[in-house]
Each structure stands twice: as structure tokens, then as C-alpha cells.
Amino acid sequence: MTNDPLARFGEVPQFSLTSSDMTDGGPLRSAQYGADAGGADVSPQLSWRGFPAETLSFALTVFDPDAPTGSGFWHWAVANLPVSVTGLSAGVQSLPAGSLVLPNELRLTSFSGAAPPPETGTHRYQFIVHALDVPTLDLDPQSTPGVLGFNLHFHTLARAVLEATGVAGGASAA
């Protein structure tokens, strides 16, 4: 049985999410692995288009549903991206005013790269952009990505998914 965290959400229309740093279903590049896994913790370049005209803001999540935790592993959670933002550069350090980066599993407010433990197989890294029906989500800056997900459940008009894979030692093989 494959763990599909989106299965619990209602169906919504899809739009396009692309990256010059990875392909859907393909392996992550070494830069997208964590520094402790031989990578550089560099977020990939992302671009999105085709979202509904009534979109008022975006949220971005990066999740590994295959982490051996029982609850997956959140690598990045960004809320309140303005509707005028339709992409992020690789290694983005500064997000638009009003954007909110929530602490990830490592309690960092930045992208944490892949670091699958040995003998845990291939992990999926789900980069998801959510088109929202509100200009901002009123979240405590210390909220968890799970709280963001709860709010996204009620405000997502459409979503774009790009899924890459990673394995233990993958940064050296990438």
C-alpha cells in the first residue's frame, strides 16, 4: 500500500508545476539533498501556471511521505505567497513580503534537503503548490506544517504537484 497524503483531501483541479532542477518522477539532484547527506540544502527552481483565475494566494509544501516516522517528514512549508508570484528561483533566500515560512521537522524556517536513512528504500519528495481562495492564512508563525495542511484543506482551489525521488547516499550518486 502506497502512502498518498493527498488521498484524504477532496479532489481539486490540477495546474502545472515545473522545475529546471528536477523532473516529475525523476531523482533529486545532489544540491537538493541535505548537507548532512552530502548535498547543499538548496531548494529547487519552481514555476507554476494554469491556476484558477480566482486564486488569491499560494502555499508551497515539500513533504516526504515515505520517511520512517509514521507521519512523514516536512521539508518546507510556505504560506501567503502573493498571487503575483508564479515561481521561485533555486536556493531562494528571501521570499516576497507577507510570505510566511513555518518551521519544518528540523525546526528550521528554510528548505531542508533530502536525507533518507539507509535501508529505507526510495523516498518520494512531493513539491506541491496550492492555489488558495484567500489572500492570506492567519497562522501563528510557529505553527506546524500540519496546521498549515489543515487550513489548506478548506481553502485550496487547485493544486500542482511535482514529485521527485531520493535514496540514501543519493547525493553522491546524483
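For the atom pair CZ (Arg159) and CG (Leu132), the distance works out to 10.0 Å, reported to the nearest 0.5 Å. Distance OG/Ser71 to CZ/Phe63: 7.0 Å, rounded to 0.5 Å. Separation of atoms CG (Leu162) and OG1 (Thr23) is listed at 7.5 Å; rounding is to 0.5 Å. The line from CG of Leu148 to CG of Leu100 is 8.5 Å long, rounded to the nearest 0.5 Å. Atom-to-atom distance recorded for Leu17:CG and Gln126:CD is 12.0 Å, nearest 0.5 angstrom. For the atom pair Leu152 CG and Thr61 OG1, the distance stands at 7.0 Å (nearest 0.5 Å).
You'll find the side chain of Trp76 reaches within 4.5 Å of the side chain of Val78, heavy atoms only. Within the 4.5 Å cutoff, the side chain of Pro117 has heavy atoms near those of the Pro68 side chain. Contact of the Phe73 side chain with the Pro145 side chain is not registered, since no non-hydrogen atoms from C-beta on lie closer than 4.5 Å. Arg49 has its side chain out of reach of Thr86: every pair of non-hydrogen atoms, C-beta onward, lies at least 4.5 Å apart. The shortest side-chain heavy-atom distance between Gln32 and Tyr125 does not fall under the 4.5 Å cut-off. Contact of the Trp74 side chain with the Thr144 side chain is not registered, since no non-hydrogen atoms from C-beta on lie closer than 4.5 Å. Side-chain contact check for Pro103 versus Thr109: some heavy-atom pair is nearer than 4.5 Å.
Using a distance-only test at 3.5 Å, with no hydrogens or angles considered, no donor-acceptor pair links the side chain of Glu163 to the main chain of Arg124. Panel note: side chain Ser30, backbone Ser172; no donor-acceptor pair is recorded below 3.5 Å. Within the 3.5 Å criterion, the main-chain N or O of Gly91 finds a donor-acceptor partner in the side chain of Ser43. Between the side chain of Asp64 and the main chain of Gly72, no donor-acceptor pair closer than 3.5 Å is present.
Looking only at atom types and distance, the side chain of Asn104 has no donor-acceptor partner in the side chain of His75 under 3.5 Å away.
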Go through the steps for Glu54 and Asp133 under the test side-chain contact (heavy atoms from CB on, under 4.5 Å), then give the verdict. CA-CA 7 Å; Glu54 58 271 19; Asp133 65 359; over 6 Å; no
Stepwise side-chain contact (heavy atoms from CB on, under 4.5 Å) check, Leu88 with Leu60: CA-CA 10 Å; Leu88 297 173; Leu60 166 65; 3.7 Å; yes
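There is a path of hydrophobic side-chain contacts, each under 4.5 Å, that joins Val101 to Phe111. Cluster annotation: Phe15 is connected to Leu46 through the hydrophobic network of ILVMFWY side chains, with a link wherever side-chain heavy atoms come within less than 4.5 Å. By the criterion of side-chain heavy atoms lying less than 4.5 angstrom apart, applied directly or through intervening Ile, Leu, Val, Met, Phe, Trp or Tyr residues, Leu157 is not grouped with Leu81; the two fall into different hydrophobic clusters. By the criterion of side-chain heavy atoms lying less than 4.5 angstrom apart, applied directly or through intervening Ile, Leu, Val, Met, Phe, Trp or Tyr residues, Leu56 is not grouped with Val85; the two fall into different hydrophobic clusters. Follow the hydrophobic side-chain contacts under 4.5 Å out from Val62 and you never reach Val147; the two are in separate clusters.
Scanning all heavy atoms of the two residues, the minimum distance from Ala37 to Ala114 falls at CB-O, 3.7 Å. Between Pro52 and Thr55 the shortest heavy-atom distance is O-OG1, 2.7 Å. Of all heavy-atom pairs spanning Ser47 and Gln45, the tightest one is OG-NE2, 2.6 Å. For the pair Pro82 and Ala97, the tightest heavy-atom approach, listed with the atom from each and the gap, is CG-O, 4.3 Å.
Summarising the local packing, CG of Asp140 is surrounded by more than 12 heavy atoms from other residues, nucleotides or ligands at distances under 6.0 Å.
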